[in-house]
Amino acid sequence: MALQYRYAPHGIEEKWQKQWESKQAFHCTEDASRPKYYLMEMFPYPSGRIHMGHVRNYSIGDVMARFRRMQGYNVLHPIGWDAFGLPAENAAIKNNTHPAKWTYANIDYMRSQLKRMGYSYDWQREVATCRPEYYRWEQEFFLKCLKKNLVYRKKASQNWCPCCHTVLANEQVIDGKCWRCDSVVEQKDLTQWFFRITAYADELLADLAKLEGGWPSRVLTMQNNWIGRSTGAEISFPLEGRYESVKVFTTRADTLYGVTFLTLAPEHPLVESLIKGRENEAAIREFIERTRNMDRLDRQSETLEKEGVFTGAYCLHPITGERVPIWLGNFVLAEYGTGAVMAVPAHDQRDFEFARKFGIPIKVVINPEGASLDPAAMDAAFTESGVLVDSREFSGMPSPAGREAIIRKLEAEGKGKATVNYRLRDWNISRQRYWGAPIPVVYCEKCGMQPVKEEDLPVLLPLDVKTCEDGRSPLPDTPSFVQAVCPCCGGPARRETDTMDTFVESSWYFARYTSARKEDAPFDEDALRYWLPVDQYVGGVEHAILHLLYARFFTKMLRDCGYLPKGLDEPFKRLLTQGMVLLGGSKMSKSKGNIVDPDAMVEKYGADTVRLFCLFAAPPERDFDWTDSGIEGAYRFVNRVWHMFSEMQDVLSPVSACSDMSASSSASVRALRLAEHAAVKKVGEDIADRNQFNTAIAAIMELLNAISLYRAELSGSEDGRRALSSAMSSVLTLLYPFTPHMCEEIWQELGHEKELDTEVWPQWKPEALSTDTVTVVVQVNGKLRGRIDAPAGSDKEALVKAALADSAVARHLDGKTIVKTVVVPEKLVNIVVR
RNA sequence: GCCGGAAUGGUGGAAUUGGUAGACGCAGCGGACUCAAAAUCCGCCGGGUUCACGCCCUUGAGGGUUCAAGUCCCUCUUCCGGUACCA
């Protein structure tokens with residue numbers, strides 16, 4: 001059967017997809033005889049249909065997967081569904097259906113879309129996090145964590161999204177708004193479950209060093225900042241006339257002698273007892289109420305006017321014993337440090353403003369090197385390091401030494417200690433929503449909170465419920481779910497009706513993929529040891545903190561609970577964060593109506609073209625604008641390959657890529673061979689080492705241009721036809737990871753016996769890249785003045801001699817004196833003249 | 001404010017270790033084929049100057065290092081991302 005002149009993608013793509021499916025071509029099992037490569041993209045939320053962002057993400061991953069297979073790796077390339085979550089509930093309410101029904105229908109449709117794209121997944125490992133077979137293990141992890149005190153329950157002021165009717169983790173609050181629906185987040189006192197992620201703060205921070213080189217540096221920086229480690233001291237200020245003291249955290253112990261007041265957050269637990277019975281108690285309470293009711297966004301804004309009120313209470317300076325007034329301030333955060341700060345107005349800008357406003361003394365204890373500050377003349381705090389003054393025996397010390405010495409003194413006297421503070425908070429995982437994994441505990445009136453017994457897992461999420469109109473969870477109103485038996489006393493108990501944050505499911509799915517069908521345990525130990533860690537992870541940078549931090553934490557936590565192998569400290573060795581697909585310069589979004597639907601594009605151009613364009617348009621990390629002319633260009637290239645093969649079919653034979661040539665080959669054969677081997681080298685390096693798919697494709701285009709150039713001339717000879725055939729085989733092999741369907745089809749038409757997906761990546765040969773003569777650039781004073789052809793391997797003297805003989809060069813040397821010559825062998829001669 | 005990143009033709013982007021700036025595309029222009037168009041194929045394509053060979057300028061701006069700078073250093077501008085009363 002002859003190839004048709006025009007490329008008609010659809011039948012061909014369907015044909016190969018069916019074949020891959022029936023062969024289970026991309027199913028893999030552990031095989032100690034081959035090196036493994038675990039490649040994973042972030043799994044999608046089953047929102048309904050895939051969008052261009054998915055297509056880009058999964059096309060990048062598929063190129064890597066197919067490439068590594070050809071390189072001889074045993075590749076694990078899985079896919080699954082991040083299937084719990086709010087949109088399912090909201091859609092169910094809107095469309096009067098059930099979240100489960102909606103979710104599974106979406107999964108079915110989206111699976112068919114992914115298959116139409118021709119991605120090489122091991123479909124036998126597909127997971128959906130909303131299935132009990134998946135989340136039951138999560139419940140087991142929860143119980144294990146409970147035993148190890150890595151998960152706990154506490155009442156605290158929480159981020160509450162009034163629109164989603166649920167609390168949010170700190171990581172899910174963006175600019176004071178809900179990460180999902182953009183509603184302004186409120187504060188609410190609630191008892192919630194927390195993962196003790198702060199127990200891993202130091203390791204999460206330290207292990208970022210292990211990821212250097214493999215992860216984008218900005219992601220490492222973001223995580224570093226999010227964890228926010230600061231070293232300092234916790235210092236006790238005894239309360240006047242009481243046995244208790246107020247603890248403060250400071251990074252500037254060197255300024256201790258400059259403390260003129262203390263500021264407490266209005267929420268500080270001591271406040272109540274400090275203000276009780278004061279004559280202005282009512283006014284103070286009014287201030288506290290006003291501050292607490294403030295919008296979180298407003299309260300944390302930098303332009304917020306610093307407000308405060310004196311409590312009437314005093315504490316004592318831990319060293320001098322001086323009386324220090326205690327104030328309340330609207331800018332002090334209850335949840336950071338101890339919720340109380342020692343105020344040093346001379347050396348902290350906030351304290352400075354506060355002191356000026358309320359007429360509190362300003363005491364200078366740090367001077368800049370060689371200068372002396374006058375408090376009355378200052379218009380801003382001096383916040384840098386300097387030399388201590390007015391600080392008794394510490395005066396004269398530079399700040400860092402003073403800091404250490406003062407902390408040592410406090411420690412010796414039991415008044416304080418060196419300590420470390422983190423910005424990172426424990427992870428609140430309770431969600432007051434229905435469509436999530438149940439938290440496996442019950443509450444008994446007699447025995448209190450009791451974990452469900454492991455043998456009673458899973459705690460199934462009941463499916464026979466009706467979602468509430470207003471978005472509230474139906475679980476508390478579902479007696480068959482709520483009514484439970486206390487595992488301790490056998491009496492009646494009430495089941496926990498909060499569900500887990502969906503980020504819990506996505507924190508360990510990479511490990512489940514290694515043994516996705518295992519029924520008696522979450523993981524198969526041999527499979528874990530064989531596959532983990534993930535060699536390459538690909539996904540959007542929007543998960544730089546949220547998901548990636550949680551997954552790193554889970555890895556360490558599951559390791560310590562004995563689920564993951566010891567020594568497996570990090571889940572993802574290398575991370576590629578792909579940019580967004582834009583349209584008209586802005587992010588594609590339904591509400592803006594600037595969407596390019598992948599289905600429509602596949603319909604029009606075929607999956608190969610869509611994949612190719614996504615990879616050619618820009619390097620993967622960068623955002624790119626979808627353009628009609630761009631995808632047309634990609635389509636034109638696909639057609640050009642097809643067209644060229646169909647025209648040359650009589651000339652071509654099924655030789656392998658990078659075939660050997662006879663020694664007596666003509667110059668054109670050698671030139672084409674050089675182009676072929678150069679392309680093989682470049683494409684391999686671009687994909688394997690640089691993630692530069694756009695330049696890899698450009699190199700294949702260049703090879704095709706070279707074939708086109710030599711085609712007429714070389715068709716006439718046996719040698720020439722062999723060279724053309726080899727070059728064409730290279731084009732197909734190199735292009736296969738990008739446009740697998742078309743390449744397979746042509747490969748088969750050419751008469752190759754095995755399929756391309758079993759073909760090995762071609763090996764370029766150094767001797768093919770060497771030439772008899774090289775073009776050497778000649779510069780005079782660094783400016784390009786001429787080019788000379790010189791025999792390869794010429795020595796420096798010969799190159800300079802040839803350069804000086806060049807007429808164009810000679811013109812610029814006329815009447816000048818040669819000061820120096822610089823030679824880069826095989827490349828460049830620079831003649832420096834005066 | 002602090003911490004990252006970026007800025008290259010009309011346009012998306014190349015230039016990997018300091019060594020020919022603008023690969024490969026897109027758009028545009030010219031030509032072939034065609035009754036014509038589409039498709040395809042071939043050629044041109046940073047700016048200035050020149051009949052031309054050339055010469056000069058050019059990688060956000062200004063300085064510096066170097067035989068040689070898009071690339072390294074300093075200062076600045078603009079844009080993007082993260083974070084922010086974190087004590």
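First the proteins, then the strands, lettered A, B, ... as listed; each starts at 1.
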Over 12 non-hydrogen atoms of neighbours within 6.0 angstrom of CG in A:Asp814: no
Residue pairs passing the side-chain hydrogen bond (donor to acceptor under 3.5 Å, both in side chains) test where at least one lies in residues 797-811 of chain A, sequence neighbours excluded: none
Produce the list of close N/O pairs, under 3.5 Å, pairing protein atoms with atoms of nucleotides 41-51 of chain B; give distances to one decimal.
from	atom 1	to	atom 2	distance (Å)
B:C41	OP1	A:Arg640	NE	3.3

Touch class at under 4.0 angstrom, heavy-atom based, for A:Val344 against every strand present: nothing
Test ring pair (Phe, Tyr, Trp, His ring centres under 6.0 Å) applied to A:Trp626 - qualifying residues, sequence neighbours left out: A:Phe613
N/O (side chain, A:His347) to phosphate O (OP1/OP2, B:A87) under 4.0 Å: no
Working for side chain to side chain donor-acceptor pair (under 3.5 Å), residues A:Ser399 and A:Asp254: CA-CA 6 Å; A:Ser399 288; A:Asp254 50 323; 3.1 Å; yes
Same-atom distance (C1') from B:C79 to B:U8, integer angstrom: 16 Å
Rounded distance (Å) that lies between atom C1' of B:A27 and atom CD1 of A:Ile631: 17 Å
Ionic contact status for A:Arg711 with A:Glu647, cut-off 4.0 Å: yes
Sequence-aligned protein contact record of nucleotides 12-23 of chain B, with B where the base is within under 4.0 Å of a protein heavy atom and S where only the sugar-phosphate is: SSSSB--BB--B
Step-by-step side chain to side chain donor-acceptor pair (under 3.5 Å) determination, A:Glu676 to A:Ser730: CA-CA 7 Å; A:Glu676 181 190 356; A:Ser730 283; 2.7 Å; yes
For A:Trp226, ring pair (Phe, Tyr, Trp, His ring centres under 6.0 Å) partners two or more places apart: none
Same-atom distance (C1') from B:A36 to B:C44, integer angstrom: 26 Å
Name every donor-acceptor pair, under 3.5 Å, that has one atom in a side chain of residues 627-634 of chain A and the other anywhere in the protein, sequence neighbours excluded.
from	atom 1	to	atom 2	distance (Å)
A:Thr627	OG1	A:Gly630	N	3.0
A:Glu632	OE2	A:Tyr605	OH	2.8

Atom-pair distance (CD1 on A:Ile697; C1' on B:C26), nearest Å: 15 Å
Expected rows: protein N/O vs nucleotides 2-5 of chain B N/O, under 3.5 Å:
none

A:Phe358: partners by ring pair (Phe, Tyr, Trp, His ring centres under 6.0 Å), with sequence neighbours left out: A:Trp327, A:Phe354
Any A:Thr263 side-chain nitrogen or oxygen under 4.0 Å from OP1 or OP2 of B:A87: no
Nearest-Å distance for atom pair NE2/P, residues A:His547 and B:G82: 18 Å
Rounded distance in Å between the P positions of B:A7 and B:G64: 24 Å
Rounded distance in Å - CD1 (A:Ile174) to P (B:A84): 11 Å
Rounded distance in Å - CD (A:Glu632) to C1' (B:U40): 14 Å
Which residues share a side-chain contact (heavy atoms from CB on, under 4.5 Å) with A:Ala169, sequence neighbours left out: A:Glu171, A:Gln172, A:Trp427, A:Arg431, A:Tyr550
Atom-pair distance (NZ on A:Lys357; P on B:C85), nearest Å: 18 Å
Between C1' of B:U83 and CG of A:Asn170, the distance in whole Å: 14 Å
Contacting residues from residues 247-260 of chain A, given that a heavy atom lies under 4.0 angstrom of RNA chain B: A:Phe249, A:Thr250, A:Thr251
Each stem that RNA chain B is part of, given as range with range (3 or more consecutive Watson-Crick or G-U pairs, under 3.5 Å): B:1-7 with B:77-83, B:10-12 with B:24-26, B:28-32 with B:40-44, B:46-49 with B:54-57, B:60-64 with B:72-76
Pairwise P distance for B:A68 and B:C56, with rounding to whole Å: 16 Å
A:Arg785 vs B:C53: side-chain N/O to OP1/OP2 distance below 4.0 Å: no
Whole angstrom value for the distance that separates P of B:A84 from CD of A:Glu335: 11 Å
Results of side-chain contact (heavy atoms from CB on, under 4.5 Å) for A:Asn421 - residues two or more places apart only: A:Ser230, A:Phe249, A:Tyr336
